[in-house]
Amino acid sequence: MSTHALELVLHDLGVKREARAAFAADAPTFLGRYRLDADELEMVRGFDVAGLQGRGVSALLTYGFWMMNEPGKSRADYLRRLNAAAG
Amino acid sequence: MAQIVGGFIMPHEPGIFYMPEAKWTDGQRRVLAAFDAIRARIGELGATTVIVVGADHYVLFGPTCLPSYVIGIGDVSGPYERFATIKQGEIANNVPLALHIAQYGRAHGFDWAVAKSINVDHSIGVPARVCALPNAAVRGVIPVYLASGVEPFISMQRAYALGGLIRDAVEAWPQDERVVVIGSGGISHWVGLPQMGKVNPDFDRKILDCVVSGDPAAMLALSDDEVLEQGGNGAFEIRQFLCMMGALPGVGGRLIAYEHGPEWVTGLGFAEVGNDLGRQA
């Protein structure tokens, strides 16, 4: 629906332990709490940090989201993912 | 009468304090020595209160409320991040002076947001724990956050003016108080962007020259687009430096250290300004 809704999801997933647990357990149900369209939901589920930044989401949030939720929690993997998208 | 007796800039890069001693480089040792030097200078200045100006990293404040500038007027704790060598828990605040600064601001065109209870992050927790509170004479740390990490940002001009407001408020405080102001921030760095890890030493030196000369003009002339291009999104934190400089207008100083390297993600600048160090002509 908006950059703001995406930022709200990612902020919650950065700072709220219960949100991270719910996202890890059942991402579609967790994300159903937010006003996201199908594209946005898929970007969050898929850790598409480049796509999220392309929608205007703060890089502070995409980085925090990755480091707190992506299973590998690796900065190098995060940058590989970002740079792969950049081509 | 209260007075501002000195100012400092320093980084708060978490990687410095996450690094185990076994991995310390020569650069890391110089960085830690710079923190030690600032801690010692705060003691030599006889500071009784330290105002630390930091940046939220889209953690303390979220999309539901993003203050332009906020001052802690009550309970303070932190840092909320765990570092092996940095204590957590309560941080003593100078509540009467903090409340005075907030009220003085509201009477003079600066409508502070206030935090009655705040668990600060590393941007305030590191300077407070590493440099301020180890000095027995320091009775309180007053936290100030600027919107320099998350858009919409406080303007550079407003950040500088806020420092002037802090100075005026301190000087209007009738009690004896020796106040140090710390601008806490990295210089060039690209946080969460594809260039993360890159720094721009030329940009960093330009900023440090401004701080040491006590002349903010070249910094104030930078647009946000220019800062982003030359210094990355993390360089918006130079607003904290400007706020400190506004509290010591025209006052020069000395560079304590500058480092960058693969150990960290930002240019790390340490400097002191103060009347006994130099005044801009």
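Letters go in sequence order (proteins before strands), and every chain restarts at 1. These numbers come from the heavy atoms of this one structure, side chains and all, not from hydrogens, waters or symmetry mates.
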Please check this pair: side chain of B:Trp112 against backbone of B:Tyr69, looking for a donor-acceptor N/O pair closer than 3.5 Å. no
Checking heavy-atom separations under 4.5 Å from chain B, one finds in residues 7-15 of chain A A:Glu7, A:Leu8, A:His11, A:Val15
Could you tell me whether the side chain of A:Leu6 reaches within less than 4.5 Å of the side chain of A:Tyr34, counting heavy atoms only? no
Less than 4.5 Å to any heavy atom of chain B: does that hold for the side chain of A:Arg75, its backbone, both, or neither? side chain
Polar contact flag, side-chain donor to acceptor under 3.5 angstrom, B:Asp121-B:His57: yes
Chi angles and distances behind the salt bridge (Lys or Arg N to Asp or Glu O under 4.0 Å) call for A:Asp77, A:Arg80: CA-CA 5 Å; A:Asp77 289 345; A:Arg80 267 192 290 273; 2.4 Å; yes
So, B:Asn233 side chain and A:Ala59 main chain: donor-acceptor pair closer than 3.5 Å or not? no
Under 6.0 Å from the ring centre and within 45 degrees of the ring axis: does the NZ or CZ of A:Arg45 meet both conditions for the six-membered ring of A:Phe30? no
